[in-house]
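In listed order, ligands and their atoms are each counted from 1. Computed over heavy atoms, backbone and side chain alike; hydrogens, waters and symmetry mates excluded.
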Amino acid sequence: MGLIVQKYGGTSVANPERIKKVAEKIIATRNANHRLVVVVSAMSGETDRLISLAKSITSRPKPRELDVLLSTGEQVTIALLSIALESLGCPAHSYTGAQVHIRTDSAHNKARIMDIDAARVHKDLGDGRVVVVAGFQGVDESGNITTLGRGGSDTTAVALASALKADECQIYTDVDGVYTTDPRVVPEARRLDRITYEEMLEMASLGAKVLQIRSVEFASKYNVPLRVLSSFEEGQGTLITTEEEGMEQAQISGIAFNRDEAKLTVLGVPDQPGVASQILSPIADDGIEIDMIVQNVAQDSTTDFTFTVHRNDYDRALEILQDIAKKLGAREVTGDDKIIKISIIGVGMRSHAGIASTMFKTLANEGINIRMISTSEIKISVVVDEKYLELGVRALHDAFGLSQA
Ligand code: ADP
Ligand code: ASP
Ligand code: MG
């Protein structure tokens with residue numbers, strides 16, 4: 001008899017019929033003699049609806065109050081699922097994050113889980129109940145409700161699995177596993193049986209939203225066996241695991257992309273020590289996250305400095321940058337918020353040469369101009385115009401033969 005943590009995402013609990021189906025799935029697992037903790041998201045579209053409600057009042061809602069609002073989405077689903085379980089004769093208790101002491105820091109809207117006091121969960125499991133926990137939310141030291149950032153229910157599930165020493169953490173969603181790339185963009189994408197934590201971490205951080213990045217960090221750090229599966233079809237899904245000897249080493253395991261990018265350039269900055277920090281510090285001080293950074297080789301003792309930010313932060317970053325440029329005596333500030341980032345990922349990159357050149361040649365053959373490049377040991381990212389997203393991803397998927405096993 002094992003202990004399993006299952007998480008069901010928004011589309012899996014989108015309406016009462018689907019919630020009843022999830023209840024039946026849970027009961028089937030329980031009948032196979034497993035103890036079960038279930039984490040659920042808000043019903044699909046609900047978190048977006050709540051955000052736009054708040055934004056219809058003000059464009060910058062107070063983060064603390066936004067968390068109070070957003071946490072209600074998951075509270076509805078835990079109650080409905082527990083009602084469904086009980087109606088089918090399965091004893092269940094629902095809990096909010098605060099009730100099972102999912103303690104986080106106080107960074108509203110992007111809080112991190114610090115610890116979980118699992119005593120209450122253990123007690124219920126011992127009494128033969130299914131425990132249903134609201135994903136995406138916690139409580140800080142002062143008792144304030146916090147949320148974990150979009151997609152945060154994945155992280156709740158993994159953190160609970162780690163705290164409870166569960167045998168497996170199963171993430172049920174609307175695809176039957178992790179694919180070589182988003183199957184909505186490339187229909188020929190292939191489901192992977194396994195992927196390493198390291199590759200999944202890159203995939204998630206470079207835009208594949210199938211798992212929240214923090215959930216993968218957590219699983220990797222605490223060695224939580226993690227599996228992504230479909231709520232709607234049977235199957236083995238994808239196991240996220242440590243790299244093993246003899247594991248197939250494709251050159252590239254997957255392609256991720258991020259539509260939320262924007263880029264800013266300061267032209268003609270004096271080439272002297274401290275310039276990078278003078279440009280980027282005020283941006284970071286405003287809470288804006290910086291992604292890629294490129295500084296050109298200096299000519300005539302001036303240089304150009306380019307970096308990318310989340311598209312939502314573009315206007316604000318541009319405003320700050322105009323100000324800095326004036327102070328630095330730079331020539332001009334330009335920007336573009338119609339760009340995207342495509343990344344190829346694979347641990348096999350360490351042992352295969354020529355991957356970058358295949359990538360660049362493939363894009364060139366499609367007439368796609370590369371605006372920025374960044375590399376690390378197991379990934380290469382390029383920034384290109386937004387209109388090339390589908391074409392670029394499909395061409396690269398094809399060039400690296402990702403549809404074939
Ligand atoms: P949930 O609501 O269950 O948390 P998400 O929408 O957050 O589901 O994540 C599932 C979606 O992630 C899929 O519908 C798919 O479009 C997208 N996705 C992006 N990249 C990948 C990938 N490499 N493999 C599988 N799904 C992916
Ligand atoms: N409901 C939250 C969101 O939409 C958390 C989640 O679904 O994981 O982002
Ligand atoms: Mg998700």
Side-chain angles (χ1 to χ4, degrees), residues 6-14 18 22 39-52 66-67 69-78 97 102 109-111 113 133-138 146-160 170-195 199-216 226-233 235 237-238 240 252-260 342-346 389 393 396-397 402-403:
Q6 294 186 337
K7 176 253 172 177
Y8 292 90
T11 26
S12 313
V13 293
R18 288 196 182 165
V22 166
V39 173
V40 281
S41 290
M43 293 161 86
S44 108
E46 181 61 10
T47 308
D48 288 336
R49 189 184 74 86
L50 294 169
I51 292 173
S52 51
L66 193 60
D67 277 350
L69 179 67
L70 296 192
S71 67
T72 63
E74 272 70 12
Q75 191 166 344
V76 169
T77 339
I78 52 168
I102 299 184
N109 309 168
K110 48 172 188 263
I113 296 178
V133 179
F136 175 58
Q137 57 179 260
T146 55
T147 65
L148 311 178
R150 299 307 303 265
S153 300
D154 299 334
T155 304
T156 306
V158 174
L160 271 166
Q170 303 174 339
I171 306 289
Y172 285 91
T173 182
D174 56 4
V175 276
D176 62 347
V178 177
Y179 277 67
T180 47
T181 191
D182 189 340
R184 285 178 210 273
V185 169
V186 182
E188 299 77 33
R190 183 172 50 89
R191 184 182 58 78
L192 301 163
D193 287 331
R194 289 163 162 256
I195 184 168
E199 288 168 317
M200 194 62 235
L201 209 54
E202 291 284 5
M203 291 276 278
S205 70
L206 295 166
K209 68 166 189 166
V210 61
L211 284 174
Q212 196 199 33
I213 174 166
R214 282 196 189 154
S215 72
V216 189
L226 182 61
R227 194 181 287 278
V228 175
L229 313 108
S230 164
S231 294
F232 307 110
E233 312 163 21
T238 301
I240 293 102
I252 297 301
S253 302
I255 302 177
F257 50 84
N258 187 354
R259 302 178 195 267
D260 302 323
I342 304 178
S343 311
I344 60 174
I345 296 132
L389 187 136
V393 173
L396 290 169
H397 197 270
L402 289 181
S403 337

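What you find for S253 and L192 is that their closest heavy atoms are O-CD1, 3.9 Å. Residues T77 and M43 share a closest heavy-atom pair of OG1-N, 3.8 Å. Taking each heavy atom of A134 and I78 in turn, the nearest pair found is N-CG2, 3.3 Å. For G9 against S41, the heavy-atom pair with the smallest separation is CA-OG, 3.6 Å.
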Mind listing the N or O contacts between ligand 2 and protein, cut-off under 3.5 Å?
residue	atom	partner	partner atom	Å
ligand 2	1 (N)	T47	OG1	2.8
ligand 2	1 (N)	E74	OE2	2.7
ligand 2	4 (O)	T47	OG1	3.3
ligand 2	4 (O)	R150	NH2	2.9
ligand 2	7 (O)	S41	OG	3.0
ligand 2	8 (O)	G152	N	3.3
ligand 2	8 (O)	S153	N	3.0
ligand 2	8 (O)	S153	OG	3.1
ligand 2	9 (O)	R150	NE	2.7
ligand 2	9 (O)	G151	N	2.9

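By the 4.5 Å heavy-atom criterion applied to side chains, F257 and S343 are not counted as neighbours.
Side-chain contact check for T146 and D67: no donor-acceptor pair (N or O, by modelled atom type) lies under 3.5 Å. Under the 3.5 Å distance criterion, with hydrogens and angles disregarded, no donor-acceptor pair is assigned to the side chains of E74 and Q137. One side chain, T155 or Q212, offers a donor N or O that lies under 3.5 Å from an acceptor on the other.
Remark: K209 does not engage D154 in a salt bridge, criterion side-chain N to carboxylate O under 4.0 Å.
In this structure, ligand 1 sits under 4.0 Å from heavy atoms belonging to K7, G9, G10, T173, D174, V175, G177, V178, Y179, T181, D182, P183, R184, M203, A208, K209, V210.
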